[in-house]
S.K.: 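Sharing a structure here in structure tokens format.
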Amino acid sequence: MNEFQQLRDTLNESVLNNNFVKLTLSKPIKKSDGLPNVYVRLVKIKETEMFQFTYHYNTNDKVKNYTISEAITEIEILLMDNFRAATLFTLTKDLLIFISKRKLVSYRENMASFKNKLPETHDKPKERLAEAGSYLHHLGITDKQGKVIHKMADKYRQINKYLEIIEGLLKSTKLPKHINIVDMGSGKGYLTFALYDYLVNQKKYSATVTGIELRKELVDYCNDVADKSAFTNLSFVAQPIQEYDNNKIDILIALHACDTATDDAIYKGLSAKAELIICAPCCHKQIRQQVKGKEQESPLLKYGIFKERQFEMVTDTIRALILEKSNYNTKVFEFISNEHTRKNVMLVASKSIKKNDISKIDAKIAGLKEAYAIESHYLETLV
């Protein structure tokens, strides 16, 4: 099509002059296609330059390699059938391509966004750690053919991010031959099932996983799915976290356990001397209720939304410091929030043989409490 002549010429010229950076296709015509964007880069495969297309689907990435003539044809097809926009990045300029609803093509040139080219290495698509096991179908994440249901794409992404984090943590954690894992506040069990499948069926660990959940209907549902999936060492128990009595815990997990339930779970992990404690705290009410009505000097606490976020950070920082007092190495990083909450912080503590300076940690905790007029942190009272 002549409408794409400027795109063809600019792309050919950028390759000839060695200043091609990348090309992206965006603004999908149909969101139901499950293909939000496509990313194109140059790679070298067996010393031959190829255009590598990464098709970023909602549930997975697919990669295909094309020659320059094949790449131009594929880009034109994608712009006619799937996308309304593309940007060709070169070292001399950016070329923006727009497709109207009537399939009319228009262009705009901008100053170059990049000063350097991308490395021409051949990257494999990101591995999906959650394999299409029957549990995903029983939990309503995939259909009978194993394809991820569109509305569950975010949950599937969350599962894979979670397993990616677990994979990294296990590499640096010393664990016994048989691992006892307790997931406190397991809910509908999406991540609990995924963890069991990944550890036992994929990585061949010897492990027992127990989900603790207050709501009996969810416990019955999860135990039924575990039976259907033949997950023999996975079970769920209906009881409050505080009442769970088992000191054989190697990995303690508490994801989105509300308010002080996170502290109850951490305390159970500390009591059992768990090698690994993994939390995604939620609903930080205890500190906020305690300081309600008290005048705060910090200007950061003048506005309600900042106040809420600040006390979330203070609550989780004190949790991390208390864990350090018990000789754990702690780190806090971003997780993917679930559909019920915007909270997306993960707190991880791994047992260390190194003895931390308790007096210094106590001073840090005391300083935070004084600065924010906090009388006590719930986890402190448990410990």
S.K.: Do Ile29 and Val38 sit in the same hydrophobic cluster, where Ile, Leu, Val, Met, Phe, Trp and Tyr count as joined when their side-chain heavy atoms come under 4.5 Å apart?
M.R.: no
S.K.: Would you check if there is a donor-acceptor pair between the side chains of Thr330 and Glu324 at a distance under 3.5 Å?
M.R.: yes
S.K.: For a quick test of reading the model, state the closest non-hydrogen atom pair linking Glu380 to Ile322 and the distance between them.
M.R.: CG-CD1, 3.6 Å
S.K.: Do Ile266 and Cys279 touch side chain to side chain, with heavy atoms closer than 4.5 Å?
M.R.: yes
S.K.: Between Glu70 and Thr67, is there a donor-acceptor pair closer than 3.5 Å when you use the side chain of the first and the backbone of the second?
M.R.: yes
S.K.: Considering only heavy atoms from C-beta outward, does the side chain of Leu79 approach that of Leu7 to under 4.5 Å?
M.R.: yes
S.K.: Please determine whether side-chain hydrogen bond (donor to acceptor under 3.5 Å, both in side chains) holds for the pair Ser113 and Asp94, giving the CA-CA distance in whole Å, both sets of side-chain angles, and the decisive distance to 0.1 Å.
M.R.: CA-CA 7 Å; Ser113 299; Asp94 295 349; 2.4 Å; yes
S.K.: Sub-3.5 Å donor-acceptor pair from the side chain of Lys273 to the main-chain atoms of Leu270, do we have one?
M.R.: no
S.K.: As an exercise, state the distance from OG1 of Thr142 to NE2 of His137, rounded to the nearest 0.5 Å.
M.R.: 6.5 Å
S.K.: Contact between Leu379 and Ile318 at the side-chain level, heavy atoms closer than 4.5 Å - yes or no?
M.R.: no
S.K.: Could you check if a side-chain atom of Val237 sits within less than 4.5 angstrom of a side-chain atom of Val219, using non-hydrogen atoms only?
M.R.: no
S.K.: Taking the six-membered ring of Tyr39, is the NZ or CZ of Lys22 close enough (under 6.0 Å from the centre) and on axis enough (within 45°)?
M.R.: no
S.K.: Whether the Thr92 and Thr90 side chains hold a donor-acceptor pair (N or O, under 3.5 Å, no angle test) is what I'd like checked.
M.R.: yes
S.K.: So does Lys351 get a backbone contact from the side chain of Glu275, meaning a donor-acceptor N/O pair under 3.5 Å?
M.R.: no
S.K.: Among residues two or more places apart or on two chains, list those pairs meeting ring-ring contact (aromatic ring centres under 6.0 Å, His included) that have a residue in residues 161-180.
M.R.: none
S.K.: With a 4.5 Å limit on heavy-atom distance, are the side chains of Phe20 and Ile68 in contact?
M.R.: no
S.K.: Apply salt bridge (charged side-chain N to carboxylate O under 4.0 Å, His left out) to Lys228 and Asp224, showing your working.
M.R.: CA-CA 6 Å; Lys228 289 176 180 175; Asp224 182 53; 3.2 Å; yes
S.K.: Take atom CG of Asp245 as the centre, draw a 6.0 Å sphere, and report whether it contains more than 12 heavy atoms from other residues, nucleotides or ligands.
M.R.: no
S.K.: Say whether Asp61 and Thr54, considering side chains only, have a donor N or O and an acceptor N or O under 3.5 Å apart.
M.R.: no
S.K.: Is any side-chain heavy atom of Leu195 closer than 4.5 Å to a side-chain heavy atom of Asp183?
M.R.: no
S.K.: Does the side chain of Tyr328 pick up a donor-acceptor pair with the side chain of Asn356 at under 3.5 Å?
M.R.: no
S.K.: Answer yes or no: is there a side-chain heavy-atom contact under 4.5 Å between Val332 and Val345?
M.R.: yes
S.K.: Same cluster or not: Leu214 versus Leu255, using hydrophobic residues (I, L, V, M, F, W, Y) connected whenever any side-chain heavy atoms lie under 4.5 Å apart?
M.R.: no
S.K.: When you compare the side chain of Leu139 with that of Tyr221, does any pair of heavy atoms fall below 4.5 Å?
M.R.: yes
S.K.: For residues Tyr244 and Asn246, is any side-chain donor paired with an opposing acceptor at under 3.5 Å?
M.R.: yes
S.K.: Could you tell me whether the side chains of Gln158 and Lys155 share a donor-acceptor contact shorter than 3.5 Å?
M.R.: yes
S.K.: Distance-only, no hydrogens or angles: does the Asp197 side chain make a donor-acceptor pair with backbone N or O of Phe193 under 3.5 Å?
M.R.: no
S.K.: For a quick test of reading the model, state the closest non-hydrogen atom pair linking Lys268 to Ile249 and the distance between them.
M.R.: O-CD1, 4.3 Å
S.K.: CG/Leu163 to CG/Leu191 distance, rounded to the nearest 0.5 angstrom?
M.R.: 8.0 Å
S.K.: Counting only N and O atoms by type, is there a donor-acceptor contact under 3.5 Å from the side chain of Asp143 to the main-chain atoms of Gln145?
M.R.: yes
S.K.: Report the C-alpha separation of Glu3 and Lys103 in whole Å, then their side-chain angles, then the decisive distance to 0.1 Å, and conclude whether the salt bridge (charged side-chain N to carboxylate O under 4.0 Å, His left out) test is met.
M.R.: CA-CA 10 Å; Glu3 294 96 324; Lys103 302 296 182 184; over 6 Å; no
S.K.: Is it the case that the side chain of Lys30 and the backbone of Asn82 share a donor-acceptor pair, with hydrogens and angles ignored and the cut-off at 3.5 Å?
M.R.: no
S.K.: Can you tell me if CD on Glu217 sees more than 12 non-hydrogen neighbours from other groups inside 6.0 Å?
M.R.: yes
S.K.: Quick test of your reading: applying ring-ring contact (aromatic ring centres under 6.0 Å, His included), list the pairs with at least one residue in residues 64-113, sequence neighbours left out, ordered by first then second residue.
M.R.: Phe53-Tyr66, Phe89-Phe114
S.K.: How long is the straight-line distance from CD of Gln5 back to OG1 of Thr10, given to the nearest 0.5 Å?
M.R.: 9.5 Å
S.K.: Do any N or O atoms from the side chain of Asp250 and from the backbone of Asn180 form a donor-acceptor pair under 3.5 angstrom?
M.R.: yes
S.K.: Are the side chain of Tyr135 and the backbone of Val225 linked by a donor-acceptor contact shorter than 3.5 Å?
M.R.: no
S.K.: How long is the straight-line distance from CG of Leu199 back to CD of Glu167, given to the nearest 0.5 Å?
M.R.: 10.5 Å
S.K.: Enter the distance from Leu252:CG to Ser271:OG here, rounded to the nearest 0.5 Å.
M.R.: 9.5 Å
